[in-house]
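First up is the structure itself, then whatever we jot down about it.
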Protein chains: 2
Amino acid sequence: MPRADAQRNYDRLLTVAETAFREHGIDAPLERIARSAGVAVGTLYGHFPNRRTLLGALLRERNEALFELGDRLLAESADDALERWVRAVTEHAAAYQGLAAELVGGADDEASELHASCVRMMRIGEDLVARARAAATIRPDVRGEDVFALMNAAAWLRGAGSAAEADRIVDFALAGMRP
Amino acid sequence: MPRADAQRNYDRLLTVAETAFREHGIDAPLERIARSAGVAVGTLYGHFPNRRTLLGALLRERNEALFELGDRLLAESADDALERWVRAVTEHAAAYQGLAAELVGGADDEASELHASCVRMMRIGEDLVARARAAATIRPDVRGEDVFALMNAAAWLRGAGSAAEADRIVDFALAGMRP
DNA sequence: TTATATTTCGAGGGTCCCTCGACTTAACCT
DNA sequence: AGGTTAAGTCGAGGGACCCTCGAAATATAA
């Protein structure tokens with residue numbers, strides 16, 4: 001079990017990092033985060049050896065919720081399950097600027113911290129695609145990677161341009177995926 | 001008319017910057033570019049007050065070619081004009097990592113260096129969309145902004161993920177835009 | 001050749017990255 | 001309560017990069 005002060009600092013760092021990443025993207029300066037948390041840089045690096053680790057910790061809770069939704073959608077087997085999944089993940093990946101890039105990169109980078117969660121996200125997407133294909137609500141040549149790519153591209157667009165425009169692109173792409 | 005040495009350095013800087021941006025994205029360190037060009041940092045900043053100016057100069061020739069194609073497509077009035085435009089601009093915006101973000105940002109940032117070229121790109125896109133709508137080869141609710149957003153999102157995906165996947169997304173979105 | 005306007009140079013102050021040895025302290029033991 | 005010590009914290013420091021600005025160099029024209 002960690003020492004009390006360590007635990008306190010860890011929590012503070014996470015809290016501060018969350019708002020920093022949300023407001024300035026995942027490249028927000030770590031030194032500033034440490035300072036904001038009332039802690040020396042070394043302490044931050046003690047808890048999180050690199051920016052990825054910090055991001056990973058930050059995403060843990062968020063991912064829980066997402067995967068829960070995914071499992072629920074798989075259980076429900078509603079017609080709009082895939083679409084709801086796409087919208088949810090898009091919003092998730094747009095939480096911090098730069099996150100979408102990390103996700104597409106992490107998906108096929110075995111060594112990445114986020115690899116596991118990327119794989120799980122893709123797995124859920126694939127299952128939903130398979131189901132939609134079985135129900136003939138989607139073109140048979142649509143692959144899991146396609147929805148993964150779509151979600152991330154849309155998430156990027158949210159951060160770079162407008163959220164509304166990103167949603168429209170998702171609309172068009174989803175329409176194009178229907179038979 | 002510029003002094004001979006100035007001209008020489010200007011050209012060298014552009015050449016070096018081109019490969020630097022192509023290989024490392026538009027955030028490639030300017031100090032390294034200057035060094036590669038055999039020039040001091042101050043000289044680089046003398047020619048290009050900021051990174052944007054350098055990018056702008058680099059894009060000038062490239063843009064010429066693109067706009068020429070756009071005008072040609074508008075003159076031809078072939079059925080696949082819009083699609084060819086989308087593919088061409090996607091490739092253009094994927095020339096350097098980070099360029100797509102600059103373009104979507106510059107489109108509605110009056111002060112941006114690239115604003116003019118963004119506007120022109122959008123204008124061509126809008127004209128092609130209008131024509132496609134008139135020919136009923138596209139859904140009537142598709143707007144010029146939509147194709148602009150699509151192109152940039154796809155360009156981003158090219159840099160972040162795979163080019164093939166980006167093309168597939170474009171395929172789906174274009175399919176979804178048809179009536 | 002000389003004068004000068006242009007251009008170049010690079011040190012320097014700022015931010016950020018990350019490391020590592022010295023210091024501090026929470027927690028456990030008697 | 002006081003001592004011990006492993007766990008945790010600190011922050012200077014070296015490296016990369018940003019950008020500026022006064023001093024030095026030089027291309028060009030008279």
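Letters go in sequence order (proteins before strands), and every chain restarts at 1. These numbers were taken from a predicted model, which means no experiment stands behind them. Atoms considered below: every heavy atom in the structure, side chains included; atoms not considered: hydrogens, waters and symmetry mates.
Nearest to the side-chain atoms of B/V39 among the listed nucleotides C/dC9, C/dC17, C/dT7 stands C/dC9. In the set C/dT8, C/dC9, C/dC16, C/dT8 carries the atom at the smallest distance from any side-chain atom of B/N9. Of the candidates C/dC17, C/dC16, C/dT8, C/dC17 carries the atom nearest the A/R51 side chain, counting heavy atoms from C-beta on. Closest contact between the side chain of B/T43 and the listed nucleotides C/dT8, C/dA27, C/dC17 involves C/dT8.
Scanning DNA chain D 5' to 3' for nucleotides with an atom closer than 4.0 angstrom to a non-hydrogen atom of chain B gives a first and last hit of D/dC17 to D/dT28.
At a threshold of 4.0 angstrom between heavy atoms, the contacts of B/G42 include nucleobase atoms, whether or not backbone atoms are also involved.
Between the CG atom of B/N152 and the CZ atom of B/R158 there is a distance of 13.0 Å, given to the nearest 0.5 Å.
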Stepwise salt bridge (charged side-chain N to carboxylate O under 4.0 Å, His left out) check, A/R22 with A/E18
CA-CA 6 Å; A/R22 183 156 34 76; A/E18 210 285 328; 3.0 Å; yes
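Distance CD1 (A/I33) to C1' (C/dC17): 13 Å, rounded to an integer number of Å. As a whole-Å value, the separation of A/L44 CG from C/dC20 P is 17 Å. Rounded to whole Å, atom P of C/dT7 lies 14 Å from atom CG of B/L13. In this entry the distance linking OH of A/Y45 with C1' of C/dG21 reads 18 Å, nearest Å. Summarising the geometry, the separation between CG on A/L54 and P on C/dC17 is reported as 11 Å, rounded to the nearest angstrom. Rounded to whole Å, atom P of C/dC9 lies 11 Å from atom CZ of B/R3. For the pair A/R52 CZ and C/dC17 C1', the computed distance is 16 Å after rounding to whole Å. If you take CZ of A/R35 and C1' of C/dC18, they are 15 Å apart, rounded to a whole angstrom.
Using a 4.5 Å heavy-atom cutoff, the side chains of B/H92 and B/N63 are in contact.
Side chain of A/R168 to main chain of B/V142: no donor-acceptor pair is present (N/O by atom type, distance under 3.5 Å, no hydrogens or angles). A donor-acceptor pair is defined here as one N or O able to donate and one able to accept, closer than 3.5 Å; such a pair exists between the side chain of A/R131 and the backbone of A/L74. Side-chain atoms of B/R133 never come within 3.5 Å of backbone atoms of B/R143 as a donor-acceptor pair (strictly under, hydrogens ignored).
Aromatic ring centres of A/F172 and B/F172 lie farther apart than the 6.0 Å criterion allows.
Toward the 5' end of DNA chain C, the nearer of the two residues A/P49 and A/R32, judged by each one's closest nucleotide, is A/R32. Of the two residues contacting DNA chain D, namely B/L30 and A/A6, the nearest-nucleotide position lying further toward the 5' end is that of A/A6.
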